[in-house]
Protein chains: 2
Amino acid sequence: METLLPKFDSVFSIDCVIFGFDDGELKILLIERNKEPFKDWWALPGYIVEQDESIDHAAERILYELTGLRDIYMDQFYTFGDVNRHPQGRVITVAYYAMIRLNGNKELRPISNYVSKAVWTSVNDLPKLAFDHEKIFSRGFEKIRNKISYQPIAFELLPEKFTLTQLQQLYEVILSKKLDKRNFRKKMLNYGILKELDEKQKGVSYRAAKLYKFDKRKYSKLFQKELTFGK
Amino acid sequence: METLLPKFDSVFSIDCVIFGFDDGELKILLIERNKEPFKDWWALPGYIVEQDESIDHAAERILYELTGLRDIYMDQFYTFGDVNRHPQGRVITVAYYAMIRLNGNKELRPISNYVSKAVWTSVNDLPKLAFDHEKIFSRGFEKIRNKISYQPIAFELLPEKFTLTQLQQLYEVILSKKLDKRNFRKKMLNYGILKELDEKQKGVSYRAAKLYKFDKRKYSKLFQKELTFGK
DNA sequence: TTACTTAGTGTAAAATATACACACTATATT
DNA sequence: AATATAGTGTGTATATTTTACACTAAGTAA
């Protein structure tokens with residue numbers, strides 16, 4: 001590499017806002033830091049981008065090293081570049097988000113000793129976070145709240161088979177708003193992206209609900225049309 | 001500053017996709033580079049972020065130095081972080097966009113000798129661009145195309161007083177789609193964010209159209225409600 | 001006065017969104 | 001066996017929004 005570019009005493013980092021849904025609660029993944037600064041504080045999983053890796057790659061690697069989660073597809077949503085966001089120098093961070101299924105048991109096993117543990121925490125019950133991570137989280141939450149209003153992304157958070165009530169609860173949590181059951185069902189079923197299964201919920205002490213699956217094929221078709229303004 | 005953070009032989013940069021609308025055409029601002037690499041190539045206005053300035057600030061400064069445009073409010077839309085996007089080293093760039101009024105005469109007077117000139121170029125007639133700037137432009141265009149579908153941002157591109165036909169043309173250009181005049185007018189007027197003026201177009205060799213103004217107050221109110229899902 | 005060019009307008013049909021309440025069913029409890 | 005409990009599942013009328021579609025009015029230029 002030539003050196004026409006000025007050197008720059010700064011680093012890029014990645015921070016991840018990973019959403020999960022469990023127990024009727026929307027959660028995000030937090031780590032407990034094991035290093036200064038902010039040792040023993042809670043923080044979003046985040047670390048420094050290596051010199052020779054793309055930021056997308058860095059995001060995947062860092063999430064894996066800090067939480068043990070692999071093969072999570074993330075999208076970037078904002079880059080935070082204020083001068084004093086990190087106490088030790090100039091750090092610009094690209095924030096990524098993802099929504100994943102918790103299947104009851106996504107194991108969290110940090111590889112790096114940079115963190116002492118990783119846990120799922122309800123977004124309604126977040127501790128104080130290191131750095132400007134509260135700001136980053138808020139923007140990530142805003143992002144999915146917006147997105148869910150025009151794309152049915154909620155499925156990514158649910159188990160493969162889910163009931164309409166679960167789906168509705170998830171919408172309600174993300175939108176912070178009660179929805180009408182009949183209208184919600186009508187709307188969702190009208191999208192035509194749900195496949196009704198021949199199965200019912202099990203282990204509940206009341207009438208069991210039908211299970212549904214998300215139909216990816218039809219979903220992609222739906223998104224050809226998108227965007228208002230007919231003619 | 002302490003030095004616990006690793007040094008990193010890399011730079012942050014900013015690239016700007018600045019949209020304007022003139023003559024029924026959607027344009028963006030390009031510079032001709034006066035320095036290697038890509039000397040004499042066309043490129044998006046972009047340069048390196050200083051150590052002690054926020055990226056938002058850098059965006060403003062860089063746009064000014066490279067094109068002479070001041071006080072343009074920009075939003076970031078994506079960060080490009082592939083490893084080999086710059087031939088001289090690792091450069092991660094935060095891309096910003098803005099939509100501005102051309103008022104016929106936004107003067108372009110580059111301050112920096114890093115560029116030899118700056119010009120407005122129709123998006124339908126772009127030359128080959130330096131670095132990965134074509135990719136950056138595409139994503140920026142996609143961004144405003146999406147955005148205009150749910151937010152009436154088009155006003156930012158028009159002169160203060162405009163006709164409904166001009167507004168419609170702009171929508172058509174951004175959406176690459178013909179729209180129906182009656183439906184378009186109905187919809188726009190229904191938003192209630194246009195103020196009809198007591199003035200007409202001048203200097204046209206046909207029936208002059210009424211002029212309208214964009215009503216910012218009402219616009220913000222409209223955006224309280226936003227987001228579907230009634231109850 | 002005529003020809004030309006763009007402005008400006010209405011309506012019916014279809015699709016979508018909203019508001020709203022009660023009976024059904026599976027299980028657990030007595 | 002009877003009952004309580006808790007969540008499932010459904011229909012309809014109304015309002016709103018979206019779509020398709022074509023002609024007349026106004027101003028200018030010759």
Side-chain angles (χ1 to χ4, degrees), chain A residues 23-24 148-152 158-159 161-173 175 177-213 221-231, chain B residues 23-24 148-152 158-159 161-173 175 177-213 222-223 225-231:
Chain A
D23 244 335
I148 205 176
S149 308
Y150 57 93
Q151 285 184 19
L158 292 172
K161 303 171 181 181
F162 51 84
T163 70
L164 289 177
T165 301
Q166 285 167 347
L167 183 59
Q168 181 175 344
Q169 281 170 348
L170 177 50
Y171 270 80
E172 291 179 341
V173 172
L175 297 173
K177 198 192 214 178
K178 276 273 164 207
L179 302 175
D180 179 81
K181 186 155 61 159
R182 281 162 301 184
N183 293 340
F184 180 81
R185 284 165 183 243
K186 222 183 311 173
K187 190 161 182 170
M188 280 298 151
L189 294 172
N190 264 3
Y191 283 151
I193 55 179
L194 294 184
K195 214 186 299 178
E196 186 179 328
L197 301 177
D198 267 342
E199 251 176 292
K200 299 207 159 179
Q201 232 178 353
K202 271 176 192 149
V204 288
S205 69
Y206 44 79
R207 176 178 177 182
K210 273 186 226 154
L211 290 171
Y212 289 80
K213 246 173 128 170
K221 274 191 195 159
L222 186 66
F223 274 75
Q224 306 306 324
K225 60 172 201 176
E226 234 206 306
L227 306 187
T228 39
F229 270 112
K231 178 182 169 186
Chain B
D23 244 335
I148 205 176
S149 309
Y150 57 93
Q151 286 185 19
L158 293 171
K161 302 171 182 182
F162 52 86
T163 70
L164 289 178
T165 301
Q166 286 166 347
L167 183 60
Q168 182 175 343
Q169 281 169 350
L170 177 52
Y171 269 80
E172 290 180 340
V173 172
L175 296 173
K177 197 190 213 177
K178 276 271 162 208
L179 302 175
D180 179 81
K181 186 155 64 159
R182 280 162 301 184
N183 293 340
F184 180 81
R185 283 163 184 243
K186 219 184 313 171
K187 192 162 181 169
M188 280 298 151
L189 294 172
N190 264 3
Y191 283 150
I193 54 179
L194 295 184
K195 213 186 297 178
E196 185 179 328
L197 302 178
D198 267 343
E199 251 177 290
K200 298 207 160 181
Q201 232 178 351
K202 272 178 191 146
V204 287
S205 68
Y206 45 80
R207 175 178 178 183
K210 272 185 226 155
L211 289 172
Y212 289 81
K213 247 174 127 170
L222 186 66
F223 273 74
K225 64 171 197 176
E226 238 205 306
L227 306 189
T228 39
F229 271 110
K231 178 181 170 187

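To find a chain, count down the sequence lines: A is the first, B the second, and so on, and within it residues start at 1. Remember, predicted model here, so these are calculated numbers, not experimental data.
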Is a donor-acceptor pair below 3.5 Å formed from side chain Lys187(A) to base dA17(C), judging by atom type as modelled?
->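 For Lys187(A), whose side chain was compared with the base of dA17(C), there is no donor-acceptor pair (under 3.5 Å).
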Base dT17(D) to side chain Lys186(B), donor-acceptor N/O within 3.5 Å cut-off =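 Under the 3.5 Å cut-off, the side chain and the base do not form any donor-acceptor pair.
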Contacts of Lys195(B) that satisfy side-chain contact (heavy atoms from CB on, under 4.5 Å) - sequence neighbours left out =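 So Lys195(B) forms a side-chain contact (heavy atoms from CB on, under 4.5 Å) with Lys213(B), Asp215(B).
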Can you name the side-chain contact (heavy atoms from CB on, under 4.5 Å) partners of Thr165(A), sequence neighbours left out?
->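 side-chain contact (heavy atoms from CB on, under 4.5 Å) check on Thr165(A) returns Thr163(A), Gln169(A), Arg185(A).
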Please identify each residue that fulfils ring pair (Phe, Tyr, Trp, His ring centres under 6.0 Å) with Tyr212(A), with sequence neighbours left out.
->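 With neighbours one apart ignored, the set is empty.
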For [X], enumerate each residue passing the side chain to side chain donor-acceptor pair (under 3.5 Å) test, keeping only those at least two apart in sequence or located in another chain.
| X | value |
| --- | --- |
| Glu199(A) | Lys161(A) |
| Lys200(A) | none |
| Gln201(B) | none |
| Lys181(A) | none |

d([atom1], [X]; [atom2], [N]) in whole Å:
| X | N | atom1 | atom2 | answer |
| --- | --- | --- | --- | --- |
| Asp180(B) | dG10(C) | CG | C1' | 12 Å |
| Phe184(A) | dT16(C) | CZ | P | 17 Å |
| Gln201(B) | dA7(C) | CD | P | 7 Å |
| Lys177(A) | dT18(C) | NZ | C1' | 12 Å |
| Leu179(A) | dT18(C) | CG | P | 10 Å |
| Leu211(B) | dG8(C) | CG | C1' | 15 Å |
| Gln168(A) | dG9(D) | CD | C1' | 12 Å |
| Arg182(A) | dA23(C) | CZ | C1' | 12 Å |

Base, sugar-phosphate, or nothing: which does Lys210(B) touch, judged by heavy atoms less than 4.0 Å apart?
->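 Sugar-phosphate contact only.
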Is Thr163(A) touching bases, backbone alone, or none of the nucleic acid, heavy atoms closer than 4.0 Å?
->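 Here Thr163(A) touches no strand at all.
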Distance below 4.0 Å between Arg185(A) side-chain N/O and dG9(D) OP1 or OP2 |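 Arg185(A) to dG9(D) OP1/OP2: side-chain N or O found under 4.0 Å.
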Any chance you could measure Lys178(B), atom NZ, to Asp180(B), atom CG, to the nearest 0.5 Å?
->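 Result: 11.0 Å between the selected atoms.
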What does the inter-axis angle of the helix from dT1(C)-dA30(D) to dT30(C)-dA1(D) come out as, five pairs per end, nearest 10 degrees?
->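 Comparing the first five pairs with the last five, the axes sit 10° apart.
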Any side-chain heavy-atom pair of Tyr171(A) and Gln168(A) under 4.5 Å |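 A side-chain contact is absent here, since even the closest heavy-atom pair is not under 4.5 Å.
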Sort me out a list of protein N/O and nucleotides 28-30 of chain D N/O pairs below 3.5 Å, or just none if empty.
none

Nearest-neighbour nucleotide for the Lys200(B) side chain, dT10(D), dG27(D), dT18(C) considered =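 Taking heavy atoms from C-beta onward, the closest nucleotide is dG27(D).
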